[in-house]
Structure formats: C-alpha cells, structure tokens
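To start, the structure under review is shown below, and the notes come after it.
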Number of protein chains: 2
Amino acid sequence: MLSNKHIITSKKKPIGIIGGMGPYATLDFLNKIAISAKAAHDQQHVPFLLYSNPETPDRTSALLHGGASPLPLMVEGVTWLNSFELACVAIPCNTAHCWFKELQLLSDNTILHIAQVLCKSLIHKKCKSVAILSTSATSSQRIYESHINSYDIDIDNICNIEVNDIVETSIHLIKRGMIQEAQSLLLPLIDNLLSFGVEYIILGCTELPIALCGFGFPFNEKLLDPTLALAEECVRISCNTAMANIVQPA
Amino acid sequence: MLSNKHIITSKKKPIGIIGGMGPYATLDFLNKIAISAKAAHDQQHVPFLLYSNPETPDRTSALLHGGASPLPLMVEGVTWLNSFELACVAIPCNTAHCWFKELQLLSDNTILHIAQVLCKSLIHKKCKSVAILSTSATSSQRIYESHINSYDIDIDNICNIEVNDIVETSIHLIKRGMIQEAQSLLLPLIDNLLSFGVEYIILGCTELPIALCGFGFPFNEKLLDPTLALAEECVRISCNTAMANIVQPA
C-alpha cells in the first residue's frame with residue numbers, strides 16, 4: 001500500500017515529540033533520550049521531530065480553574081506529526097495525558113502513555129506500594145491510579161493541602177529555572193514521606209525530576225522518574241526499527 | 001497574497017531548528033533559548049520546530065576526509081521547515097555552515113548565520129583581536145574569518161597540530177557525554193592561549209561551550225559563545241514578531 005507520509009532519511013525511525021509543556025521538562029526529556037542512546041558518536045543517537053509550543057494553555061488551569069483548553073494546540077502537534085512515519089510519539093507532560101484518548105484518536109502514530117510506560121518499572125522493581133507527587137490536575141484525573149490499579153500495587157494516599165501546595169509551588173519555581181529553591185521545598189517533603197514508610201515515590205510531573213534526579217541524593221533509588229522511563233522506551237522502540245531494517249530480506 | 005504555509009498557533013512566530021549535529025550541542029542551544037526567554041511561566045517561552053537528525057553524516061569527515069555529504073539531510077530539514085511561517089531558522093553546528101549558501105538558497109525562511117550573529121558580540125565588546133577554536137573543517141573553510149574580516153578585528157592565528165588535536169579530541173569526548181574529561185584537556189589550552197595575550201577566544205564549535213561555559217571559570221568573560229549569541233538572536237526575533245502582532249492595526 002502506498003503512503004503519502006514524509007519519510008525522514010535515517011536508519012532509526014524518528015520519535016515524534018509534543019513538547020514545551022514546560023520547556024525545561026522537554027529539555028530534561030531530550031537529555032534523557034540522548035543519554036539513553038548510549039551513543040559513541042552523533043550517528044548512533046536517535047532522530048526526532050519536536051513541536052514545542054510553550055504557549056499551549058496551562059493544563060492544570062484548564063482542568064481545575066476553567067482556563068483555556070490546551071487540546072487545540074496539542075492537536076496541532078499531533079496533526080503535524082501525522083505527516084511522518086514515526087517510531088512513536090511522546091508527550092513529556094503528565095497532566096497533558098488527561099487528553100490522551102482524544103489525541104490518540106487523532107494520531108496516525110502510536111502515542112506512548114507516560115503512566116503506562118512507568119508501570120513497567122513498577123513491575124520490574126517488584127514494587128508493593130507507591131506514593132505519587134503530581135499537579136492537582138493529574139491527581140484529580142487519576143492519571144497514574146487508573147494504570148496502577150491493573151496491578152497488585154498499593155497507592156499510598158499522601159494528598160493533602162500542604163503536600164499539594166509544596167508540589168505546585170515547586171513546579172512553578174522549576175518552570176522559572178529556580179531549581180535550588182524548588183529543591184529546598186521538595187527535599188524535606190521527600191524525607192518526610194519516606195520516614196512514614198512510603199516504598200517508592202512517583203515523580204508524576206515532568207518538572208519534578210529536574211530538581212530531584214541526578215543530584216546524587218541518598219534517596220534517589222526510591223524515586224521513580226516517568227520522564228526517564230518514557231525516554232528509554234522511545235529509544236528502545238526507535239532503535240528496534242533500525243534493527244528491523246537490517247534484518248529485512250534483500 | 002495567499003500562502004499555503006502551515007501556521008503554528010502562537011503569538012510569537014516559532015523558530016525553526018535543524019539539529020542533532022551533535023545532540024548535546026542542540027540541547028545546549030535549546031537550554032540557552034529557554035534561559036534567554038527570561039520567562040516567568042511556560043507561555044512566555046518561545047515556540048520552535050526542531051528537525052533533529054543525528055544520523056546526518058559527520059561534517060568534518062565530509063569536508064576533509066571524503067566522507068558522505070551531510071547536505072541532503074540538512075536539505076531535508078530545510079524543506080520540511082519550508083512548510084511553516086517561521087521567525088527564522090537556526091543550525092546549532094558551526095561546521096554545518098560550510099553549506100550555508102546552498103541551504104539559504106533552498107530555504108523560504110531566513111537562516112541566521114552563526115558567525116555573522118557572533119560578530120555582533122565582537123563589535124559590542126569593542127574587541128580588537130580574537131582567537132578561534134573550532135573543528136579543522138570550520139577552520140579550513142574560514143567560516144569565522146570570512147565574517148570577521150569585514151570589521152577592524154585581528155585574528156590571532158593559534159592553529160597548529162597540537163591545538164587542533166586537543167580541540168578535536170575534546171569535541172569527540174563531549175559528543176560521548178564525557179564533559180569532565182574534555183574540560184581537563186581544554187582548560188590548560190585556554191590558560192595557555194590567554195597567557196600569550198589572546199584577548200578573546202571564540203568557541204567556534206557548538207560542543208565547546210558545553211564544557212567551558214557556565215561553570216564559573218575565572219576566564220569566562222574571555223570566551224565568546226556563538227551558541228548563546230545565536231539563541232539570544234532567535235529569541236529576540238521571535239519575541240519581536242509577537243510585538244508586531246500586538247501593534248498591528250485592528
């Protein structure tokens with residue numbers, strides 16, 4: 001069957017990315033894609049096409065405070081990516097996944113669901129219970145719960161006004177590039193949660209790993225980073241397409 | 001006149017980027033775009049479309065060692081970006097600018113020339129003389145010299161086999177993510193050049209600022225970062241399009 005898709009000239013099929021929500025979270029995702037490629041030179045890295053529109057209306061504001069919907073601009077990204085044959089599409093913003101079904105319906109390419117991808121890590125770690133730090137919107141829409149509930153994993157309910165305030169304030173600080181200020185708020189919270197016996201903590205907003213991962217904190221192995229899980233899965237899928245090209249009959 | 005260009009829904013016209021040469025240099029460029037936006041929240045950041053194809057053949061290899069040409073894949077990027085109304089196009093790879101003329105001829109959007117943009121900084125700093133660190137290919141094609149020669153600025157000739165070896169080895173280390181190892185090679189070189197009275201040093205390969213800028217080294221003000229200059233110019237142009245939208249008559 002003939003296709004009118006644009007083909008990018010590369011052995012590995014490119015990843016499609018709908019980004020800019022927020023910009024530093026997208027950068028963190030791209031950095032994790034680069035690291036996950038374990039490349040010795042440029043050509044071993046993974047190609048991608050990125051629609052980065054930070055003017056996309058705030059997701060939490062749309063869901064909880066009657067703000068403008070981010071859906072039209074995310075649809076713009078999906079529609080544009082439909083012109084290409086891609087390995088997969090990723091959206092490095094947890095709250096954006098509240099519109100996952102609408103976007104997948106309009107997408108010709110498979111969109112990876114960040115929470116579904118993270119669940120693989122939970123099983124791999126033989127995790128029994130998790131707590132979730134996220135925006136109030138991600139929490140209210142049960143983005144993670146709806147996936148975790150398929151497995152025999154307990155969810156520690158840590159939601160209260162104080163926790164939500166710390167998380168939301170930290171996210172806004174990170175969006176402004178104020179990483180150390182966000183760390184000062186988040187570190188005591190993480191300490192506190194772990195001292196109450198929480199086994200693992202899902203960093204369920206793509207801003208949070210920016211302040212918490214890669215700094216060598218002693219509790220790092222207790223933190224689950226969905227951005228990293230999503231990047232690793234994208235790289236795995238893209239590299240598999242290159243393998244498939246190689247084993248095709250002549 | 002009607003146009004069949006895709007319009008991205010954003011107040012600021014998006015930047016087009018041809019990236020992946022190499023991936024960490026592109027990330028450094030995107031980080032500098034984010035910082036330059038001085039944004040208090042997501043929506044104040046600058047939208048962009050990025051074609052990142054790290055499988056683009058090595059530029060130096062093509063120019064000096066008979067390797068495959070990177071031009072067809074860069075043309076693929078330019079052609080794709082032609083579908084959009086953009087503020088400008090940037091290519092965060094100095095050596096790629098050896099094909100600048102061919103790319104600009106095929107591009108409907110204005111491509112910013114990294115060396116031309118950097119020259120503005122030289123004038124702003126009232127610079128009298130510069131040395132240039134770059135790949136052998138950028139050096140052999142006189143990418144910077146051809147622009148600097150229009151001004152009353154001397155170019156310190158620091159090219160010798162030893163300097164070239166250090167720079168090329170460092171670039172390859174940075175492409176592998178080995179930043180500290182590259183720093184160990186580059187710092188004595190920079191020290192040495194400055195002790196010989198070089199006034200400013202242009203980091204004329206987009207990998208070099210990754211290892212040398214933003215770490216608080218005492219000689220930082222002596223280093224000129226073309227990646228930062230290019231990012232700032234892109235942000236300035238994109239934000240001006242938003243201003244233009246505001247002042248348009250109703």
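Every chain is numbered from 1 and lettered A, B, ... according to where its sequence line falls, protein lines coming before strand lines. The shown structure was predicted, so the numbers you read here are calculated from the model rather than taken from an experiment.
At a 4.5 Å heavy-atom cutoff, the contact between B:I35 and chain A is made by backbone and side-chain atoms alike. If you measure heavy-atom distances from B:A40 to chain A, the contacts under 4.5 Å come from both the backbone and the side chain.
Of the listed residues (A:I17, A:T26, A:L27, A:L30), the one with the most heavy-atom contacts under 4.5 Å to chain B is A:L27.
Within residues 42-57 of chain A, the residues approaching chain B closer than 4.5 Å by heavy atoms are, in numerical order, A:D42, A:Q43, A:H45, A:V46, A:P47, A:F48, A:L49, A:L50, A:Y51, A:S52, A:N53, A:P54, A:E55, A:T56, A:P57. Residue-level contacts of residues 65-82 of chain B with chain A, in order of numbering, are B:L73, B:E76, B:W80; threshold 4.5 Å between heavy atoms.
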